[in-house]
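Basis for what follows: all heavy atoms, side chains included, without hydrogens, waters or symmetry-related copies.
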Amino acid sequence: MSYFSGCNDLMMFTSFISAIFIILTVTFQASMAKAESPLHEFSDREELVQLAGYGEERLSTVLVTGTVLCEACLHGGTQLHAWPVSGALVNVECHTGGKWSKTSSSQAVTDEYGDFLIDLPSQVHGIPNLERTCAVRVLRLPQNSVCRPAHARKQKALELSSVGNGIRNYSAGEIKFLQVTSKPLQACTQRGSSYKQIA
């Protein structure tokens, strides 16, 4: 055996050991990288989305409620009588002030009791004092309705009614219209709501 053949065996052995050492180092570094990143602990998209705060679960809810009524002074009586208007289209419009002013609106149709519930879009949830930036308007009454606006269509302001569990409730109260054939007799309007409050 020559001196060079012994060196050749030693070089092969050293190369083999070096290769094993490099493979172990790379494997160890890869396992450490996984252990350091908490994102690798989550197995699916839902968990990652929830962690980032963009989940399908809503963090807040803003609701606007109210009632649309028709009023009339019936048969020469002394009281205003009111009944719900079903099928009226109601709109909530919010204006954000500032240099880049934007408008956001949402609509709903009144139910058989004249009530409406509008869930505002998430882009307006962060606006402070929504009662100052949002207003409710009845856009359309049903064709078969005997009620009509007594004055030009005015917007109704919102009032914060409750806050809790990530839900803010605003109320538009009662939005009143006058029956077409009814005239606001003074004796009738003094006992009921005033004519000026009728939409």
Side-chain angles (χ1 to χ4, degrees), residues 46 49-50 52-74 79-98 100-182 184 189 191-199:
E46 288 180 21
V49 166
Q50 191 68 28
Y54 298 107
E56 283 78 24
E57 243 181 77
R58 295 180 67 167
L59 300 177
S60 67
T61 301
V62 178
L63 302 173
V64 176
T65 60
T67 305
V68 179
L69 299 172
C70 183
E71 286 189 328
C73 197
L74 301 176
Q79 287 186 328
L80 278 173
H81 296 278
W83 61 90
V85 177
S86 175
L89 180 63
V90 182
N91 184 57
V92 175
E93 192 168 270
C94 300
H95 298 281
T96 59
W100 305 103
S101 182
K102 291 184 180 181
T103 300
S104 178
S105 67
S106 297
Q107 298 177 350
V109 176
T110 57
D111 64 12
E112 61 190 271
Y113 304 106
D115 296 330
F116 61 89
L117 173 71
I118 300 175
D119 189 354
L120 295 182
S122 59
Q123 65 259 26
V124 298
H125 291 195
I127 299 173
N129 304 318
L130 281 176
E131 61 272 12
R132 293 184 192 154
T133 60
C134 298
V136 176
R137 178 185 295 188
V138 176
L139 296 179
R140 185 180 66 236
L141 292 172
Q143 286 185 344
N144 62 353
S145 177
V146 295
C147 285
R148 293 291 174 252
H151 301 300
R153 292 185 182 181
K154 294 183 179 178
Q155 294 184 344
K156 179 98 180 197
L158 298 178
E159 184 177 312
L160 181 63
S161 56
S162 68
V163 177
N165 297 326
I167 300 172
R168 284 186 292 166
N169 288 312
Y170 289 88
S171 175
E174 295 178 338
I175 302 171
K176 298 176 183 177
F177 290 88
L178 185 66
Q179 183 185 16
V180 175
T181 59
S182 180
T189 56
R191 297 185 123 217
S193 61
S194 72
Y195 180 66
K196 292 178 182 176
Q197 290 178 345
I198 299 173

Subject >> Any Ile175 side-chain heavy atom under 4.5 Å of Thr67 side chain >> reply: no
Original post:
What closest approach, in Å, do Ser105 and Asn91 show between heavy atoms, and which atom pair accounts for it?
Top reply: CB-OD1, 3.5 Å
Subject >> CA sep, side-chain torsions, deciding dist, call: Ile118, Leu63, side-chain contact (heavy atoms from CB on, under 4.5 Å) >> reply: CA-CA 6 Å; Ile118 300 175; Leu63 302 173; over 6 Å; no
Original post:
Do we see a donor-acceptor contact under 3.5 Å between the side chains of Thr133 and His95?
Top reply: no
Original post:
What heavy-atom pair brings Lys156 and Glu174 nearest, and what distance separates the two atoms?
Top reply: NZ-O, 2.9 Å
Subject >> Atom pair CG/SG of Leu141 and Cys147 - distance to nearest 0.5 Å >> reply: 7.0 Å
Subject >> From CG (Leu130) to CG (Leu120), nearest 0.5 Å >> reply: 6.5 Å
Original post:
From Phe116 CZ over to Leu89 CG, what is the distance, rounded to the nearest 0.5 angstrom?
Top reply: 11.0 Å
Subject >> Set of side-chain contact (heavy atoms from CB on, under 4.5 Å) partners for Asn129, sequence neighbours left out >> reply: Glu131, Arg132
Subject >> Trace of the side-chain contact (heavy atoms from CB on, under 4.5 Å) decision for Val109 with Val90 >> reply: CA-CA 6 Å; Val109 176; Val90 182; over 6 Å; no
Original post:
In chain order, what residues pass the side-chain contact (heavy atoms from CB on, under 4.5 Å) check against Ser162, with sequence neighbours excluded?
Top reply: Asn169
**OP:** Please report the closest heavy-atom contact between Glu112 and Ser86, naming both atoms and the distance.
**Re:** CA-OG, 3.7 Å
Original post:
Listed by chain and number, what are the side-chain contact (heavy atoms from CB on, under 4.5 Å) partners of Ala135, not counting sequence neighbours?
Top reply: Gln155
Original post:
Of all heavy-atom pairs between Pro121 and Ser104, which one has the smallest distance, and what is that distance?
Top reply: CG-OG, 3.4 Å
Original post:
Hey, what do you get for CZ (Phe177) to SG (Cys70), rounding to the nearest 0.5 Å?
Top reply: 9.0 Å
**OP:** With side-chain hydrogen bond (donor to acceptor under 3.5 Å, both in side chains) as the test, would you mind laying out the steps for Ser60 and His125 before giving the verdict?
**Re:** CA-CA 7 Å; Ser60 67; His125 291 195; 2.7 Å; yes
**OP:** Quick one: pull up CD in Gln107 and CD in Glu93 and give me the separation to the nearest 0.5 Å.
**Re:** 9.5 Å
Original post:
How far does CG of Asp115 sit from OG1 of Thr110, to the nearest 0.5 angstrom?
Top reply: 8.5 Å
Original post:
Tell me, do Thr61 and Asp119 make a side-chain contact under 4.5 Å, heavy atoms counted?
Top reply: yes
